[in-house]
Amino acid sequence: MKKIKLRSSILAGTCAILALIPNFSMAKGGDLKQIAKPYLGVYECKSAQLGEEDLLEDFSRIHLELKKDGAFVLYYTDKKRGKEERLRGKYVYDDEKQTVTLKFAEGKGFQRAFPLQKGQLTVSFPIGKRQLCLIFEQK
């Protein structure tokens with residue numbers, strides 16, 4: 001009787017594990033980090049500089065959300081207007097390079113890769129003769 005219960009438990013556990021595996025889109029050599037996708041979530045802007053100008057003084061909130069479906073939303077609230085604005089696009093995470101490529105659908109289709117390491121995303125690119133640098137930290 002004990003052997004039957006033990007076999008049943010092992011069989012049930014194995015079936016449960018096998019049932020879960022197809023739901024994880026694991027690549028060859030995948031690991032727990034790839035399954036969990038720790039880069040997903042909301043990132044708060046901790047620093048925003050345009051050249052020497054501190055942009056955080058003009059905004060009460062700047063957040064970037066990376067969603068499961070490969071979409072992102074940049075939320076920002078200008079202190080003067082007080083209205084939350086949203087900018088949407090798509091992103092691709094490269095686990096090997098530890099980068100996030102942001103693709104904005106609006107305008108000319110801006111697309112750039114930025115480093116994402118240890119929960120910190122650094123967005124940096126030139127605007128005219130000045131450099132824009134935004135540092136986001138995962139909440």
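Owing to the predicted nature of the structure, the values given are computational and were not obtained by experimental measurement.
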### Message
Could you tell me if the side chain of Ile62 sits less than 4.5 Å from the side chain of Leu56, heavy atoms only?
### Response
yes

### Task
Decide yes or no on salt bridge (charged side-chain N to carboxylate O under 4.0 Å, His left out) for Lys79 and Glu57, but give the supporting numbers first.
CA-CA 8 Å; Lys79 286 182 180 177; Glu57 293 177 0; over 6 Å; no

### Summary
Interatomic distance, NZ@Lys90 vs CG@Leu66, rounded to 0.5 Å, equals 12.5 Å

### Query
To the nearest 0.5 Å, what is the distance between CZ (Phe59) and CD (Glu84)?
12.5 Å

### Query
Does the side chain to side chain contact (heavy atoms under 4.5 Å, CB included) test come out yes or no for Val123 and Phe136, once each step is laid out?
CA-CA 8 Å; Val123 176; Phe136 292 92; 4.1 Å; yes

### Task
Measure the shortest side-chain to side-chain distance between Gln131 and Ser124 over non-hydrogen atoms and say whether it is less than 4.5 angstrom.
yes

#### Entry: Check: Gln98 and Glu96 side chains under 4.5 Å, non-hydrogen atoms
no

### Query
Counting only N and O atoms by type, is there a donor-acceptor contact under 3.5 Å from the side chain of Gln117 to the main-chain atoms of Thr122?
no

### Message
Would you say that Asp78 contacts Lys83 through its side chain, given a criterion of any heavy-atom pair below 4.5 Å between the two side chains?
### Response
no

### Query
Are Val73 and Leu116 connected, step by step, through hydrophobic side chains (Ile, Leu, Val, Met, Phe, Trp, Tyr) whose heavy atoms are closer than 4.5 Å?
no

### Full working for side chain to side chain contact (heavy atoms under 4.5 Å, CB included) between Leu102 and Arg112
CA-CA 6 Å; Leu102 300 178; Arg112 292 237 171 97; over 6 Å; no

### Message
To the nearest 0.5 Å, what is the distance between CG on Leu40 and CZ on Phe72?
### Response
14.0 Å

### Message
Any non-hydrogen side-chain atom of Asp94 less than 4.5 Å from a side-chain atom of Val100?
### Response
no

Side chains of residues 42-50: which donor-acceptor partners sit under 3.5 Å, not counting sequence neighbours?
unit_1: Tyr43; atom_1: OH; unit_2: Tyr39; atom_2: O; d: 2.6

### Task
Could you tell me whether the side chain of Leu87 reaches within less than 4.5 Å of the side chain of Phe104, counting heavy atoms only?
yes

### Same cluster (ILVMFWY, side-chain, under 4.5 Å), Ile135 and Leu132
no

### Task
Nearest 0.5 Å please: distance from the CZ atom of Arg81 over to the CG atom of Asp58.
11.0 Å

### Message
Using 0.5 Å steps for rounding, measure from the OH atom of Tyr76 to the NE2 atom of His63.
### Response
15.0 Å

#### Entry: Inter-residue atom distance Cys133.SG - Ile127.CD1, 0.5 Å rounding
11.0 Å

### Query
Any side-chain heavy-atom pair from Val92 and Lys103 closer than 4.5 angstrom?
yes

### Query
Does Arg61 make a cation-pi contact with Tyr75, if we ask for NZ or CZ under 6.0 Å from the ring centre and within 45° of the axis?
yes

